[in-house]
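All figures in this text were calculated on a predicted structure; none of them were measured in a lab. Proteins come first, then strands; the chains are lettered A, B, ... in the order of their sequence lines, and each starts at number 1.
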Number of protein chains: 2
Amino acid sequence: MAQERKIDKVILGLLCHEDLSGYDIKKRMDGAVSFFWKGSFGNIYPALKDLENSALITKTDSSVGGRERSVYHITDAGRDALKEWLCDEQASNELRYETLLKLFFSSGAGREVSIRNIELFEKQTARDLEILKTCCRSLENAQDNEDHIYYYLTASFGVETYEVYLRWCKKAKKILRATPHNSIAESS
Amino acid sequence: MAQERKIDKVILGLLCHEDLSGYDIKKRMDGAVSFFWKGSFGNIYPALKDLENSALITKTDSSVGGRERSVYHITDAGRDALKEWLCDEQASNELRYETLLKLFFSSGAGREVSIRNIELFEKQTARDLEILKTCCRSLENAQDNEDHIYYYLTASFGVETYEVYLRWCKKAKKILRATPHNSIAESS
DNA sequence: GCTATGATATATCAAGCAGATATATCATAA
DNA sequence: TTATGATATATCTGCTTGATATATCATAGC
């Protein structure tokens, strides 16, 4: 069966507020949305084509000079499709953390390697946390706008989970350093 | 370019401790690993074929009667490949939370819908948390085994993040209920 | 002893998706 | 004037999921 394509909903959701080109959509997705859902040109452009064929969006040429540019606009049917998805109680929530995958199998490589991997994860998390915190602060004081409440809630989800990640990193490193245990890897 | 296939590492990691069939591997992946990395037959079986061709694993027929069964065993080259991956500092950590995606675009559907979606997420999280907690408790008192320390660390990552998820759910529902704001959706 | 059910076991396909790559235009800064 | 980087659209390969197909075996109930 045809799988539900999430990129369609992201596009409809973004177009709900403003008309955008495929490139604009990519930029938006690289922003605040990216920490819980990523997208690429490889699925954005085909999705735009399909959504246009299904009349959920319309395409307008807004080329300037020799520079091509297509801007997309959501239709009433598109808004309905978005709402239907929002009301659908199914939701797939999935973590794909290679750092944890590595840690799970780390007895073959030893503690120094694990600690190094946790430190790298810690650094990346700390960087991302700062971005999300800035985002969160700017939304906190603008909750008269209905949209901003939702943006704030997703951003605060990120802030709170990332803070826990950092606490876990500290604890994990402490445990790994506590009882030095020689592994096959560390002796090679 | 050939992408790094994560399923290969999962298989090598699991085979590091015991010989397994494709079906066994799926079962293991549905267990404790599944909360941070999922797998399916659709990629496990092709990966087993490729890993065998690359001599990272060997296949042994262990059919009983008319019932086919192939058991795989890791080779020294396979252990090296696993270790190489463990030592590689690159790691892609990705969240794909449809619940957050919906929440981000929820102004079009209204607060009741958002609260319902959060409640569903909350229930699923609470269920998963119980499983992880049980897993964590049994590992806590068995840290003389080197492997168990890594299993414990990944499980405790899950417990701690899921607990934060639940706290966030409570907060989010409270905010959404605090300032009742009529949306286009609630009036339809 | 028979039968239904569910677990075991292997495999394939369509569709979704990421990452890399290609091509071309335009603004700008050196 | 020229190089760089942002804008813009598009395609391809390979990885991944979810569904589906097929067949065997253990067991539990009748």
Separation of C/dA22 P from A/E68 CD (nearest whole Å): 20 Å

Hey, does A/D8 reach any base, or is it just sugar-phosphate, or nothing, if we go heavy atoms under 4.0 Å? nothing

Nearest of D/dT16, C/dA9, D/dT9 to any side-chain atom of B/D24? C/dA9

For B/E119, is there an ion pair with B/R177 - N to carboxylate O distance below 4.0 angstrom? yes

Contacts of A/G66 and A/K6 projected onto DNA chain C by closest heavy atom; the upstream (5') one is A/K6

Identified salt bridge (Lys or Arg N to Asp or Glu O under 4.0 Å) partner of B/E160 from the options A/K171, A/R167, A/K170: A/K171

For B/K9, check salt bridge (Lys or Arg N to Asp or Glu O under 4.0 Å) against everything at least two apart and list the hits. B/E4

Using atom CZ of B/R28 as one end and atom C1' of C/dA9 as the other, report the distance to the nearest whole Å. 15 Å

Closest approach of B/S114 to A/Y150 (non-hydrogen atoms, all atoms of both residues): OG-CE2, 3.3 Å

Salt bridge present between B/K26 and B/D30 (N-O < 4.0 angstrom): yes

Please give me every residue in residues 88-105 of chain A whose heavy atoms get under 4.0 Å of an atom in DNA chain D, ordered by residue number. A/R96

B/F157, B/Y162, B/Y152 screened by ring-ring contact (aromatic ring centres under 6.0 Å, His included) with A/W168, the one that passes: B/F157

For atom CG of A/L51 and atom C1' of C/dG16, their distance in whole Å: 14 Å

Residues touching DNA chain D, which here means a heavy atom under 4.0 Å, drawn from residues 38-49 of chain A: A/F41, A/G42, A/Y45, A/K49

A/V113 versus B/C87, closest heavy-atom pair with distance: CG2-SG, 3.9 Å

State which of D/dT9, C/dT10, D/dT16 makes the closest approach to the side chain of B/S70. C/dT10

CG of B/D50 versus C1' of C/dA11: gap in Å, rounded? 14 Å

Note: A/L56 and A/L12 closest approach over all heavy atoms is O-CD2, 4.1 Å

Ring pair (Phe, Tyr, Trp, His ring centres under 6.0 Å) contacts touching residues 42-72 of chain A (sequence neighbours left out): A/F41-A/Y45

Interatomic distance, B/K26 NZ vs D/dA19 P [rounded to whole Å]: 11 Å

Mind calculating the distance between CZ (B/R5) and P (C/dG19) to the nearest angstrom? 17 Å

Hey, are B/K102 and A/E89 close enough for a salt bridge, meaning a charged N less than 4.0 Å from a carboxylate O? no

What N/O pairs connect the protein and nucleotides 6-8 of chain C at under 3.5 Å? Give each pair on its own line.
unit_1	atom_1	unit_2	atom_2	d
C/dT8	O4'	B/R67	NH2	3.3
C/dT8	O2	B/R67	NE	3.4
C/dT8	O2	B/R67	NH2	2.7

List the residues meeting salt bridge (Lys or Arg N to Asp or Glu O under 4.0 Å) with A/K133, not counting sequence neighbours, and say none if there are none. A/E163

